[in-house]
Each structure stands twice: as structure tokens, then as C-alpha cells.
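What follows is a set of notes on a single structure, which appears directly below.
Whatever order the structure lists ligands and atoms in, that order sets their numbers, starting from 1. The figures that follow rest on heavy atoms only: side chains count, while hydrogens, waters and symmetry mates do not.
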Amino acid sequence: MRAMVLEAPHRELRMLDREAPIALPGDVLVKVRACGVCRTDLHIVDGELPVHDYPIVPGHEIVGVVEDIGDGVTELFPGDRVGIPWLGYTCGVCEYCTAGRENLCAQARFTGCQNDGGYAEYVVADARFVFKIPDVYTDADAAPLLCAGLIGYRAYRMAGDAKRLGIYGFGAAAHLITQVAVYEHRRVYAFTSPGDSNAQLLALGLGARWAGVSTEPPPEALDAAIIFAPVGSLVPEALSRIQRGGTVVCAGIHMSDIPSFPYDLLWGERTVRSVANLTRRDAIEFLELAPKVPVKARVQRYWLGDANQALADLREGRVNGAAVLMIES
Ligand SMILES: [Zn+2]
Ligand SMILES: [Zn+2]
């Protein structure tokens, strides 16, 4: 099979011809049709996450069709269209796993990080961490739901019942979650980097009340803010825009250092928190909700062989919405 492989950090991915993996007991073998390109993939390329094994095939927003199942798999069958997200394995017995917080499991393994991911023609996954994709979605439209959607949704839920919600960094996750927020009658305020009028227009087109530059004051104080951009200076910035009792949710897996800030910004029972990974419950909830909204991804398509171009476009802010690799059959 063809796979785009990261052999070491700070390298371009290389197209290699590899032996297709096989489904061991408990696994499914999936023929990949589409795989989203996530900012986390950039962090992996840049060596900013603890990846234990190089070479690695990135990609954790995978949509494909089950080709084969390993022994013991009873819920999925060849021909099922499925999605494979970031969370690839958890131990099931630790204090986090047994308390419904498997996203924090220390033994967790992640797709496209420790397990080979979806920048390839085939991938194997633990069947317990694979989800059926709602029929209404095409392969390309479903792919961004699997990380931008799921982790965005977890971050959104962490923001509580905020009526006025700020979103910093208007990329793949923000554009999906804005649709959920508007559907739930929240007022969304979108913050982008200076001059990113495409992202601002996208936000307004999806129902945001206001869009502006991240250093600008929104027209009214916010109840909560979600930061999707990996920029630590946005933490005090967002804190300065939320009301007493409000929450700032940092939704990225990696962020530059947060500058020091006056205690006044935190005072008044304001909270800063991060969101880490996802649970299978998040996936089930979001994939049930998404078709009702309906959440519709704005997708920029690339062929698998153009993965480096897709990553470069994401890095340079040239993707409006979500980038998705299409795997020709
Ligand atoms: Zn565990
Ligand atoms: Zn991701």
C-alpha cells in the first residue's frame, strides 16, 4: 500500500510503498477513503509531542470502509463505513478509565501518533475505538468531524452554558463548533489573526454575531472563550474579555508559553482549563448531534500524495475550514 510516512521530526513526509497491515484479534482493517489534516499533525511533524515511534504515518481523522475484522470483533463487519479518531486505545482499568475520563488514561495510545494513522491506503484500529459514520455525510465531509469536531465539541461542552461565547482561532474546529453553538442559540464572537478576512467571513457566514482581530474587544463581555489557536498570549487576552465566573478553555494539544498576567484577570472566579483528547462518549454524542444541526464542514481537498502541501497550507493559514486528504482507490 502507499503511505505518507514521517521518518523523523522536521522532515517532509515521504510516500512509501509498504506492506498493508493486518487485523489482529480485536482489530479492524480499514480501507481509507479520506483523512483530515489536523494541526496536531503539524505538532507531530515539528516534534512537539512525545511520539514514541518513528517512522509514523500521521492522520487521525480517518473515514474508510472495513475490509477485514480480527478474531473477537462482533460489532463491525466488512463493508461498514467507519471513522477512526485520535483516541486509539485506553487501558480500561485505571482510575481515569473507570471514572469515565479515559481521555486522561496514562496508557492511552493515539492514532497517527503512536499507532499508524490514515495518511495511507489502509490502517488498522482497535475495533472498540471505531465509530460508524452517519449516512448523510460524504467521506470528505465526515473526516473533519473526527477530531476538529470531536475535540471541538468536548471543548465547547467545557465552556458550560455560556450565552456569549468567544472563539479564538477560526480554523477547522471553530467552524464546526460555531454551527453547534448557533444551533443551541449561543452568540458567537470569532477572533482571528490580523488580516485573516477569509476566516472572519467564514465565521460570519456560519452565524457568528461578530468577527474581528484577537486583540480587539468584542462588542459585549463574554461568558466563556475557547482558544483553538496554539498561541499562549491569547490566554490573558481571552481572560480580559470574559465576565466574572467565566471560563477560558484551551483546546489545543500544544501551545506556546503563556505570558505572566495580573491576578486581576483571573480574580472573580474565572477559570482557565485545558481539554485533553476525547472519550468515546464524546464521539458517540457528537456523531449523534452533528446530523441534527446539521454540522457541515467546509473542506479543502488534496490527494494523499499532496499531504506535504496540505500541511504547508495549514501552517501558513491558507486553509479556509478543514483540509482533507482523499485516497484514490
Ligand atoms: Zn486507563
Ligand atoms: Zn486532531
Side-chain angles (χ1 to χ4, degrees), residues 4 6 13 26 32 34-46 48-51 56-63 83-119 123 125-126 128-131 140 142-156 169-177 226-230 249-255 274-283 286-287 290 295 297 299-300 307 310-311 313-315 319 321-325:
M4 292 298 284
L6 177 66
L13 307 188
V32 182
C35 184
V37 177
C38 174
R39 182 163 294 281
T40 298
D41 302 341
L42 284 180
H43 296 314
I44 290 169
V45 169
D46 291 343
E48 288 167 331
L49 303 184
V51 177
I56 185 81
V57 178
H60 56 271
E61 298 181 300
I62 305 168
V63 176
I84 303 172
W86 172 245
L87 188 72
Y89 168 83
T90 56
C91 80
V93 296
C94 73
E95 60 180 309
Y96 294 112
C97 282
T98 52
R101 304 175 80 193
E102 63 180 353
N103 59 310
L104 302 178
C105 175
Q107 306 299 319
R109 293 178 65 83
F110 301 106
T111 310
C113 187
Q114 286 100 20
N115 298 342
D116 277 335
Y119 288 17
V123 64
D126 184 324
R128 297 170 301 169
F129 295 83
V130 169
F131 302 89
L145 304 182
L146 287 157
C147 181
L150 295 186
I151 293 181
Y153 175 74
R154 185 174 179 83
Y156 172 70
F170 210 86
H175 97 288
L176 297 176
I177 278 331
I226 305 174
I227 302 177
F228 288 114
V249 181
C250 303
I253 194 167
H254 177 82
M255 192 178 239
S274 66
V275 160
N277 312 316
L278 70 142
T279 65
R280 282 173 280 181
R281 174 125 305 276
D282 296 325
F286 181 70
L287 291 174
V295 175
V299 167
Q300 212 160 297
L311 288 166
D313 287 351
L314 182 61
R315 189 187 295 281
V319 176
V324 175
L325 303 180

Hey, does [Y] have a side-chain heavy atom less than 4.5 Å from the side chain of [X]?
X     : Y      : value
Thr90 : Arg280 : yes
Val37 : Tyr119 : yes
Leu42 : Leu311 : yes

Candidate list Thr111, Thr40, Asn277, Asn103, test side-chain hydrogen bond (donor to acceptor under 3.5 Å, both in side chains), partner Trp86, passing option: Asn277
Cys91 atom SG and Cys97 atom SG as seen from the Zn ion (ligand 1), angle to 10 degrees: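 Vertex at the Zn ion (ligand 1): approximately 110°.
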Under 2.8 Å from the Zn ion (ligand 2), the protein N, O or S atoms, given as residue and atom: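 Correct list: Cys38 SG, His60 NE2, Cys147 SG.
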Euclidean distance, Cys35 SG relative to Asp41 CG, rounded to 0.5 Å: 7.0 Å
Main-chain N/O of Val319 paired to Gln300 side chain as donor or acceptor, under 3.5 Å: no
